[in-house]
Amino acid sequence: SWSPHITHVANKIWKSIGILNKVKHVLNTDTLLMLYNSLIHPYFYYCHPIWGKAAYTSLRQLIVLQKKAIRVISRSSYYAHAAPLFTQHKILHLEDLYLYASSIYIYKLTRSIFPNQFLEIFNPLSEQSLPFSSSSSTRNSSPLRYHSSTILSFHHPSKILPFPSF
């Protein structure tokens, strides 16, 4: 479960939102956005492809905090709809950030841009070893394509370096 990690991140973000809230009357919106990008955004982005698909009930507190932060930056009311504010300030919503971060991860993986330690985690397999046929209706839910004739397979977690403690 990612709940302890998400709760830890939420507590750190709350402190940063408090800072934004205290300085919003003194600083302009551009400076508040820079503070958001330096104090809050890194917590959302760090290892997001890994924990970003946690249960919605766990992620909900981060989604609410991100909306609170964008309302503070734009000096909007508590009840203001957040979607237009995200668009106006060009900030990715947490769910969109997952898609972006995952896309960057897969791009780097397929282009062999990662260090060798990351590349060794994945092992290309031929499509013949898949449990479904080419004509199967489950083809759209198949694992990621590495090349047209291979897919990616995840090695045992023991090859992964331990997650840093905070």
Side-chain angles (χ1 to χ4, degrees), residues 1-122 141 143-147 152 154-155 157 159-166:
S1 170
W2 286 103
S3 294
H5 172 72
I6 291 172
T7 301
H8 178 75
V9 169
N11 289 335
K12 296 214 175 242
I13 291 172
W14 261 117
K15 293 173 187 174
S16 299
I17 290 174
I19 292 169
L20 283 178
N21 210 16
K22 287 181 181 183
V23 298
K24 73 179 181 184
H25 303 293
V26 180
L27 302 175
N28 63 19
T29 304
D30 290 337
T31 308
L32 290 172
L33 278 170
M34 286 193 320
L35 281 174
Y36 170 86
N37 286 323
S38 61
L39 298 176
I40 297 173
H41 181 75
Y43 288 112
F44 289 134
Y45 195 74
Y46 180 71
C47 290
H48 196 75
I50 297 170
W51 59 265
K53 273 298 183 187
Y56 179 78
T57 53
S58 297
L59 289 176
R60 188 177 191 297
Q61 62 183 326
L62 293 180
I63 292 170
V64 168
L65 287 175
Q66 189 185 31
K67 289 179 180 181
K68 178 142 182 79
I70 194 70
R71 287 184 186 111
V72 169
I73 291 168
S74 63
R75 298 173 182 88
S76 298
S77 75
Y78 177 81
Y79 299 105
H81 191 57
L85 301 175
F86 282 112
T87 304
Q88 176 187 353
H89 296 294
K90 299 178 183 168
I91 294 176
L92 288 176
H93 192 272
L94 194 61
E95 293 145 349
D96 297 330
L97 187 62
Y98 172 77
L99 293 174
Y100 175 75
S102 299
S103 300
I104 295 293
Y105 183 86
I106 296 301
Y107 174 81
K108 288 181 176 181
L109 181 68
T110 58
R111 301 295 190 275
S112 299
I113 298 172
F114 278 137
N116 288 337
Q117 293 83 357
F118 285 98
L119 298 174
E120 291 171 1
I121 295 172
F122 292 93
S141 62
L144 287 167
R145 299 271 164 233
Y146 185 62
H147 291 292
L152 295 177
F154 192 66
H155 282 293
K159 285 196 151 198
I160 301 174
L161 298 174
F163 191 78
S165 60
F166 295 96

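Between I113 and Y107, some side-chain heavy-atom pair lies under the 4.5 Å cut-off. Residues L62 and I13 have side chains in contact (heavy-atom distance under 4.5 Å, counting atoms from C-beta outward).
Among the candidates R60, K67, Q61, the single residue satisfying the side-chain contact (heavy atoms from CB on, under 4.5 Å) test with V64 is R60.
Closest of all the heavy-atom pairs between R71 and L85 is CG-CD1, 4.0 Å. Counting all heavy atoms, side chain and backbone alike, I6 lies closest to A54 at CD1-CB, 3.9 Å. Summarising the geometry of I70 relative to A82, their closest heavy-atom pair is CG2-CB, 4.2 Å, with the distance given to 0.1 Å. Closest heavy-atom contact between W51 and Y43: CZ2-O, 3.6 Å.
Take R75 and apply the side chain to side chain donor-acceptor pair (under 3.5 Å) test, not counting sequence neighbours, and it matches T29. Applying the side-chain contact (heavy atoms from CB on, under 4.5 Å) test to E95 and every residue at least two apart in sequence or in another chain returns Y56, I63, H93. Residues satisfying the side chain to side chain donor-acceptor pair (under 3.5 Å) test with S74, not counting sequence neighbours, are S76. Listed by chain and number, the residues in a ring-ring contact (aromatic ring centres under 6.0 Å, His included) with Y98 are H48 (sequence neighbours excluded). Residues satisfying the ring-ring contact (aromatic ring centres under 6.0 Å, His included) test with Y45, not counting sequence neighbours, are H41. With sequence neighbours excluded, the residues forming a side chain to side chain donor-acceptor pair (under 3.5 Å) with N28 are T31, listed by chain and number.
One finds the NE2 atom of H89 at 9.5 Å from the CG atom of D30 (value rounded to the nearest 0.5 Å). Between atom CG of residue L27 and atom CD1 of residue I73 there is a gap of 11.5 Å, rounded to the nearest 0.5 Å. Considering NZ of K12 and CG of L39, their distance stands at 12.0 Å, rounded to 0.5 Å. Annotation: the span from N37 atom CG to L32 atom CG amounts to 11.0 Å, rounded to 0.5 Å. The CD1 atom of I91 sits 5.0 Å away from atom CG of L33, with the distance rounded to the nearest 0.5 Å. For the atom pair OG1 of T87 and CG of L92, the computed distance is 10.0 Å after rounding to the nearest 0.5 Å.
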Per-pair distances, 0.1 Å, donor-acceptor, side chain in residues 17-24, under 3.5 Å, sequence neighbours excluded:
residue: N21; atom: OD1; partner: K24; partner atom: NZ; Å: 3.1

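Residue pairs satisfying the ring-ring contact (aromatic ring centres under 6.0 Å, His included) criterion with at least one member in residues 64-83, sequence neighbours excluded, are absent. Within the structure, ring-ring contact (aromatic ring centres under 6.0 Å, His included) pairs that include any residue of residues 10-39 do not occur (at least two apart or interchain).
Remark: side-chain polar atoms of Q66 are not paired, donor with acceptor, to backbone N or O of I40 under 3.5 angstrom.
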